[in-house]
Amino acid sequence: MRVQDLQIDWLKCFVAVIDAGSLSAAAPEVNRSQSAVSMQLQKLERAVGKPLLLRGPRRLELTPDGQALLGYARRLLDLHSEAQAAMRPDTLEGRVRLGVPDDYAARYLTPVLKRFAARHTAVQIDLACEQSTALIPRVQRGELDLALVSRDHAQRGTLLFHEPLVWVGSPPFDVWRRDPLPIAVYEDGSLARRHALTTLSLQGRRHRVVYHSSSLAGQIAAVESGLAVAVLTQCSAPPQLQVLGAEHGLGPMAPMAVAAYRSRASRGSAAVDGFHRLLVQTLRQAA
């Protein structure tokens, strides 16, 4: 059977639905009505000759064929955006108010900033480094245009990758042997804090919070000084700390879903459009 040519608009709707989690949430992302998004998906399924999505009462799920197509669709859309950018003169001007947690700044944001700054010298970047729990409300209020955040629910922003969480300790102190286990935690509402406490409770491991800080540097200082063990994103764990696991009596945790979260107020900003596109493209390729 011959597969028809796949149109860019079909693929855009397909990817938007997966990232947003539903047809209704995807519709404003592609500037179409919900019924128009549904029609684009039907055309795509007819073109490939296979069902791509299972439409349940509460959620959409990818079929195996849909999962296979998703990777190709992302790559095609990224290449399409690159081609458009290459043919477009660099006329971007304006300002991008950007947020990122300390955990992700050096590893993930630096390469994006380098590429963007080299291409678009007339765009001003304002950067705020805070935890995701602080960044998400700022994006919602329109104080920030865009943020790289750990998702607090499945439909928050555009999913980029999953970042592992790890327990860390300082080898000279063997803090993980103590009972109750002393732990350092982030602020109330932090997903990393929630994962840590939930995991310990499920294990039945006695523990007590001995250190509280909203900064990555504070968490690392607490561990290095032998005060406690802590939970960090894998990308932010320094090499001098030891990653702990089951052999230390500490169980695994679910990874963080990292997403690009954009404000509604920034829609129509060419500068934010360009940065958002490059952020998604770069980090998905890196992941």
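Thr110 places no side-chain N or O within donor-acceptor distance of the main-chain N or O of Arg107, the cut-off being under 3.5 Å. Side chain of Arg97 to main chain of Glu143: a donor-acceptor pair is present (N/O by atom type, distance under 3.5 Å, no hydrogens or angles). A donor-acceptor pair is defined here as one N or O able to donate and one able to accept, closer than 3.5 Å; no such pair exists between the side chain of Arg95 and the backbone of Asp126.
A salt bridge (Lys or Arg N to Asp or Glu O under 4.0 Å) with Glu29 holds for exactly one of Arg267, Arg262, Lys12; it is Arg267.
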Determine whether Thr233 and Leu165 satisfy the following criterion, side chain to side chain contact (heavy atoms under 4.5 Å, CB included), listing intermediate values before the conclusion. CA-CA 5 Å; Thr233 50; Leu165 286 174; 4.0 Å; yes
Could you please spell out the steps behind the side chain to side chain contact (heavy atoms under 4.5 Å, CB included) verdict for Arg178 and Arg208? CA-CA 11 Å; Arg178 298 180 190 171; Arg208 61 191 180 96; 5.9 Å; no
Mind running side chain to side chain contact (heavy atoms under 4.5 Å, CB included) on Leu98 and Asp145 for me, showing each step along the way? CA-CA 6 Å; Leu98 181 64; Asp145 301 312; over 6 Å; no
CA sep, side-chain torsions, deciding dist, call: Ile18, Leu159, side chain to side chain contact (heavy atoms under 4.5 Å, CB included): CA-CA 9 Å; Ile18 299 307; Leu159 179 64; over 6 Å; no
Can you list the steps and then say if Glu163 with Tyr108 is a side chain to side chain donor-acceptor pair (under 3.5 Å)? CA-CA 11 Å; Glu163 176 68 23; Tyr108 297 120; 2.5 Å; yes
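More than 12 heavy atoms of other residues, nucleotides or ligands shown are found within 6.0 angstrom of CZ on Arg141.
Taking 4.5 Å as the limit, every side-chain heavy atom of Arg75 sits out of range of all side-chain heavy atoms of Asp78. Between His248 and Trp167 there is no side-chain heavy-atom pair separated by less than 4.5 Å. Looking at heavy atoms from C-beta onward, Leu53 lies in side-chain contact with Leu62 at the 4.5 angstrom threshold. When side chains are defined from C-beta on, Leu148 counts as touching Val258, because their heavy atoms get closer than 4.5 Å. Using a 4.5 Å heavy-atom threshold, the side chains of Ile183 and Leu197 count as touching. Using a 4.5 Å heavy-atom threshold, the side chains of Lys43 and Gln4 count as separate. Side-chain contact check for Asp9 versus Arg32: some heavy-atom pair is nearer than 4.5 Å. Between Arg74 and Asp19 there is a side-chain heavy-atom pair separated by less than 4.5 Å.
Between Gly169 and Val229, the shortest heavy-atom distance links the atoms CA-CG1, 4.3 Å. In terms of heavy-atom proximity, Leu144 sits nearest to Ala128 at CD2-CB, 4.3 Å.
We find the CH2-CG distance between Trp176 and Leu250 to be 9.5 Å, quoted to the nearest 0.5 Å. Remark: Arg194 CZ to Met253 CE distance equals 14.0 Å, nearest 0.5 Å. Between atom CZ of residue Arg151 and atom CG of residue Leu160 there is a gap of 8.5 Å, rounded to the nearest 0.5 Å. Between the CD atom of Glu45 and the CZ atom of Phe14 there is a distance of 8.5 Å, given to the nearest 0.5 Å. Of the inter-residue distances, the one linking Leu11 atom CG with Leu41 atom CG reads 10.5 Å to the nearest 0.5 angstrom. In this structure, Leu227 CG and Gln219 CD are separated by 11.0 Å, a value rounded to the nearest 0.5 Å.
Taken together through direct or relayed side-chain contacts under 4.5 Å among Ile, Leu, Val, Met, Phe, Trp and Tyr, Met256 and Ile220 form parts of separate hydrophobic clusters. Residues Val48 and Ile8 are members of one and the same hydrophobic cluster, defined by side-chain heavy-atom contacts under 4.5 angstrom among Ile, Leu, Val, Met, Phe, Trp and Tyr. Placement of Leu146 and Leu109 within a single hydrophobic cluster is found when ILVMFWY residues are connected by side-chain heavy-atom separations under 4.5 Å, directly or transitively. By the criterion of side-chain heavy atoms lying less than 4.5 angstrom apart, applied directly or through intervening Ile, Leu, Val, Met, Phe, Trp or Tyr residues, Phe161 is grouped together with Val100 in one hydrophobic cluster. No continuous path of ILVMFWY side-chain contacts below 4.5 Å connects Tyr186 to Leu244, so the two sit in separate hydrophobic clusters.
Checked by atom type, the side-chain pair Thr133/Glu187 shows a donor-acceptor distance below 3.5 Å. With no hydrogens or angles considered, a side-chain donor-acceptor pair links Ser150 and Tyr104 at under 3.5 Å. Under 3.5 Å, the side chains of Ser266 and Ser269 contain no donor-acceptor pair of N or O atoms. With hydrogens and angles left out, the side-chain atoms of Asp5 and Gln7 include no donor and acceptor closer than 3.5 Å.
Screening residues 223-244 for ring pair (Phe, Tyr, Trp, His ring centres under 6.0 Å) gives no qualifying pairs among residues at least two apart or on separate chains.
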